[in-house]
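On a predicted model such as this, the values are computed, not experimentally measured, just so you know.
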Amino acid sequence: MNDRKKIEEPVAEEFKRFNEDFSESLRSKTNRLQSAIDQILNATGKHVRPLLVLLTAKACGKVTEHTINSAVLLELLHTATLIHDDVIDETKQRRGVSSLNAIFDNRISVLVGDYVLSTALVRSIRTGSLQIINIVSNLGRDLSEGEIKQLETAEESILDEACYMQVIKKKTATLLSACTEIGAISADASPEMVAICRQFGEYLGYCFQIKDDIFDYFKEANIGKPTGNDIREGKVTLPLLHALDAGRREEVDSFLKVINEKDFSTENIDALIEFAKANEGIEYAEMRMKEYHAKAIEVLNQLPESEARASLMLLADYIMERQK
């Protein structure tokens, strides 16, 4: 049994129901919209976020109808943000397949993203929980603010680790913390357990995004995006931030000039990647990621022992050790 199957085991039936409900939630009689939806469903990833919702609910008691509905709405919201992000970043591939804006155009992609987002909002009403609706509403604001903050830091070449952490909190950690918080709420967990789950998700979110950012410095083909893509867009992430702080002054000054002038030729991107590696930027980012992983496990251990809690620990390991 592979690691992923083992992680899913405590909620295998519920996860199957989620997949069916998620596919069913995206249906349209408009031909072009349905064609775009089919592309979304074919390019869907590993559904880490809904799995988090289901496992958290199970660890807090049981998976309910509200849990499955919440897993669907959060994955819809996440999907909508990815569609819009690809338009903003002019990304032509995601997870190794063509993005919507590469297949159709920006107009269709934005409208499809809006449709998916609206579907998520409809699903949030179905929960009948003002608490969940409030979390989802604030999440939408945080995700947008995180993306705008990232654009701002790239355009203004803001090279600061604290600012970097603010960005990944808004664009990734808040989404994973919403998954675990809503999962706990859907299982009627106590406020104390809800708070524990929310914190676990936030730490896991930091871990997830730092791992994603490390991928940008390697050429493995299965990652699904070009090496140096973040740098090409002016996004200076943790490995390079550390190198700029730790490197020799003359080298740092030279690379700061490249970044500030946004002279991101292939040659300069390769040089920035090698500079980050030579100054132990990868090792530093991995150390920070492991710190958040350890915090996540420490918080998770406050939940009662169960198969679902064990799977959440395995999922935390999977997020840190994944290869794409």
Side-chain angles (χ1 to χ4, degrees), residues 81-96 98-102 105-106 109-110 142-173 206 208-221 223-289 324:
T81 62
L82 294 183
I83 294 168
H84 287 153
D85 289 351
D86 286 345
V87 172
I88 293 164
D89 296 337
E90 299 180 358
T91 303
K92 299 305 178 185
Q93 271 202 343
R94 182 172 289 279
R95 303 186 185 102
S98 297
S99 59
L100 275 191
N101 50 305
D105 59 27
N106 285 347
S109 296
V110 169
D142 283 338
L143 292 173
S144 299
E145 191 175 358
E147 288 298 330
I148 291 170
K149 182 71 173 174
Q150 186 171 63
L151 287 171
E152 181 181 87
T153 57
E155 287 173 3
E156 298 179 14
S157 299
I158 300 172
L159 307 174
D160 177 75
E161 185 174 327
C163 186
Y164 165 81
M165 296 307 296
Q166 288 171 11
V167 168
I168 66 173
K169 178 176 182 178
K170 291 280 187 182
K171 64 175 283 189
T172 305
Y206 287 121
F208 190 100
Q209 188 59 53
I210 293 171
K211 181 70 171 183
D212 249 18
D213 291 343
I214 291 171
F215 285 146
D216 199 52
Y217 294 80
F218 295 93
K219 291 185 178 179
E220 282 78 356
I223 291 170
K225 69 174 183 177
T227 307
N229 203 48
D230 288 340
I231 296 172
R232 192 172 291 106
E233 294 171 1
K235 300 171 187 175
V236 180
T237 55
L238 200 53
L240 186 50
L241 283 173
H242 175 74
L244 291 168
D245 188 53
R248 290 187 295 112
R249 191 71 259 160
E250 56 270 28
E251 270 194 305
V252 170
D253 288 344
S254 173
F255 285 121
L256 282 175
K257 186 172 185 291
V258 169
I259 293 167
N260 287 325
E261 292 180 358
K262 304 198 174 6
D263 184 13
F264 299 125
S265 64
T266 300
E267 182 182 350
N268 283 341
I269 289 172
D270 288 344
L272 283 162
I273 288 171
E274 288 310 310
F275 171 68
K277 290 178 178 178
N279 286 277
E280 300 186 339
I282 306 300
E283 290 83 353
Y284 177 78
E286 287 177 341
M287 178 196 74
R288 297 286 282 134
M289 177 179 65
K324 60 179 180 178

Q) When rounded to the nearest 0.5 angstrom, what distance separates CE in M165 from CD in E161? A) 7.0 Å

Q. Where is the tightest heavy-atom contact between A243 and V252, given as atom of each residue plus distance?
A. O-CG2, 4.2 Å

**Q.** Result of checking I282, L272, D230 against Y217 for side-chain contact (heavy atoms from CB on, under 4.5 Å)
**A.** I282

Q | Separation of I158 CD1 from L241 CG (nearest 0.5 Å) | A | 11.5 Å

Q: Could you tell me whether K149 and E145 make a salt bridge, using a distance below 4.0 angstrom between a side-chain N and a carboxylate O?
A: no

Q) Which heavy atom of V87 sits nearest a heavy atom of S109, and at what distance? A) CG2-CB, 3.6 Å

(Q) With rounding to the nearest 0.5 angstrom, report the CG to CD1 distance, N268 to I231. (A) 10.5 Å

Q: For I273 and D216, work out which heavy atoms get closest and say how close.
A: CD1-O, 4.1 Å

Q.
Return the CZ to CD1 distance between R232 and I269, rounded to the nearest 0.5 Å.
A. 4.0 Å

**Q.** Atom of D85, atom of E147 and distance for their closest heavy-atom approach
**A.** OD2-OE2, 3.4 Å

(Q) With a 4.5 Å cut-off on side-chain heavy atoms, are R288 and L238 touching? (A) yes

(Q) Could you tell me if the side chain of D213 sits less than 4.5 Å from the side chain of Q209, heavy atoms only? (A) yes

Q: Give a yes or no on this: more than 12 heavy atoms of other residues, nucleotides or ligands lie within 6.0 Å of atom NZ of K235.
A: yes

Q: State the CZ-CG distance between F255 and L244, to the nearest 0.5 angstrom.
A: 9.0 Å

Q) On the ring face of F218, is K277 found with NZ or CZ under 6.0 Å from the centre and within 45° of the axis? A) yes

Q. Are any of the side-chain heavy atoms of F208 and I168 separated by less than 4.5 Å?
A. no

**Q.** Side-chain touch T172/D212, heavy atoms, less than 4.5 angstrom
**A.** no

Q. Which atom names give the shortest non-hydrogen contact between C163 and T153, and what distance separates them?
A. SG-CG2, 3.2 Å

Q: List the steps and the verdict of side chain to side chain contact (heavy atoms under 4.5 Å, CB included) for N229 and F215.
A: CA-CA 10 Å; N229 203 48; F215 285 146; over 6 Å; no

(Q) I'd like to check Y164 versus V236 (side-chain heavy atoms, cut-off strictly below 4.5 Å). Are they in contact? (A) no

Q: Give the minimum heavy-atom separation between I259 and S157, together with the two atoms involved.
A: O-OG, 3.5 Å

**Q.** Qualifying salt bridge (Lys or Arg N to Asp or Glu O under 4.0 Å) pairs with a residue from residues 239-251, counting only residues at least two apart or across chains
**A.** R248-E250, R248-E251, R249-D253

Q. Nearest 0.5 Å, what's the CG-CD1 distance between L143 and I148?
A. 11.0 Å

